[in-house]
Amino acid sequence: MVTVRPAEAADLPALAAIEDAGDTRFAELFGSPDWPAATSGEERAAVPGILLVAVDDDGTLVGFAHALDLDGHWHLEQITVHPAHGRRGTGTRLLEATHAEVARRGGTEVTLTTYADVPWNGPWYSRHGYAVLEPLPDHLRPLEVSDEPFDLARHARRVTMVRDLRDRRYPVGGLPFEPGG
């Protein structure tokens, strides 16, 4: 069983390694992509937003989700599950906990940028209530510009997606942890 909770200072050093491990799935698909370096947990924790971790029964960190607060607009910057712990619902638990925390903070939608046709990207998010967002809202333009040097679209089609947290077809449940962490 995996527990999702707010990240603690002791968790931060493990996050970059989880991100690197998750990126191996893209390397298998695209060859050796020229990704930006993994962001350290300390860098993530310094940015206003939500940083959640998934912890296995034995206390091992197996994944994390990081959502940015862009002046009241919520953007899921990263969700990663270590491949050795994948396909067990951990990503779904992280995503649902992120939605619940955004809703608790008064947010009504979450955006993200992803690969449209990579099975664990666009199609997976679609199953969780996300839809392609066009045109790109002004508050997301700085993120688009920050991705340009890496030309991530050269590997596959990229899309920005949005999830309306008020959509009753995809209910937002309660938090699996005490809020405010």
Side-chain angles (χ1 to χ4, degrees), residues 2 4 7 14-41 43-44 47 49-54 56 61-68 70 73-102 109-137 139-165 167 169-170 172:
V2 170
V4 174
L15 301 188
I18 293 170
E19 184 177 347
D20 283 340
D23 283 349
T24 62
R25 293 186 71 197
F26 290 102
E28 292 167 5
L29 186 64
F30 299 140
S32 185
D34 184 19
W35 295 127
T39 304
S40 75
E43 290 172 298
R44 288 185 185 286
V47 176
I50 298 166
L51 184 56
L52 304 176
V53 294
D56 214 345
L61 261 60
V62 299
F64 71 92
H66 185 211
L68 307 175
L70 305 174
H73 301 277
W74 289 94
H75 184 77
L76 183 61
E77 190 275 330
Q78 183 78 29
I79 187 168
T80 301
V81 175
H82 193 289
H85 299 273
R87 306 204 48 87
R88 300 177 196 170
T90 302
T92 297
R93 290 181 54 82
L94 281 163
L95 188 63
E96 290 173 351
T98 300
H99 292 160
E101 180 62 11
V102 166
E109 67 181 26
V110 177
T111 59
L112 58 86
T113 304
T114 194
Y115 287 105
D117 303 309
V118 172
W120 63 90
N121 277 194
W124 185 79
Y125 288 112
S126 290
R127 289 192 300 275
H128 291 280
Y130 282 81
V132 173
L133 176 64
E134 292 179 317
L136 193 66
H139 70 275
L140 293 177
R141 294 204 188 284
L143 296 176
E144 181 181 52
V145 170
S146 69
D147 280 351
E148 284 176 4
F150 303 105
D151 190 21
L152 299 177
R154 77 183 179 281
H155 301 295
R157 185 169 61 100
R158 303 273 296 164
V159 293
T160 299
M161 301 180 84
V162 62
R163 159 77 192 269
D164 184 341
L165 299 178
D167 186 337
R169 291 175 297 164
Y170 305 95
V172 176

For Thr114, all residues meeting side-chain hydrogen bond (donor to acceptor under 3.5 Å, both in side chains), sequence neighbours excluded: Asn121

Minimal non-hydrogen separation, Ala38 against Ala16, with atom names: CB-O, 3.7 Å

Qualifying residues under side chain to side chain contact (heavy atoms under 4.5 Å, CB included), relative to Ala14, sequence neighbours excluded: Leu61

From Ile79 atom CD1 to Phe64 atom CZ, the distance as rounded to the nearest 0.5 Å: 9.5 Å

Residues that Pro123 engages under side chain to side chain contact (heavy atoms under 4.5 Å, CB included), provided they are two or more places apart: Arg127

Listed once per pair and sorted, the salt bridge (Lys or Arg N to Asp or Glu O under 4.0 Å) pairs that draw on residues 77-89, sequence neighbours left out: Arg44-Glu77

Sequence-distant partners of His75, ring pair (Phe, Tyr, Trp, His ring centres under 6.0 Å), two or more places apart: none

Set of residues satisfying side-chain hydrogen bond (donor to acceptor under 3.5 Å, both in side chains) with respect to Tyr130, sequence neighbours excluded: His99

Residues that Asp164 engages under salt bridge (Lys or Arg N to Asp or Glu O under 4.0 Å), provided they are two or more places apart: Arg166

With sequence neighbours excluded, residues passing side-chain hydrogen bond (donor to acceptor under 3.5 Å, both in side chains) with Asp20: none

Sequence neighbours excluded, every pair satisfying salt bridge (Lys or Arg N to Asp or Glu O under 4.0 Å) that has a member inside residues 111-126: Asp117-Arg157

Cation-pi, Tyr125 ring and Arg163 (6.0 angstrom, 45 degrees): no

Set of side-chain hydrogen bond (donor to acceptor under 3.5 Å, both in side chains) partners for Ser40, sequence neighbours left out: Glu43

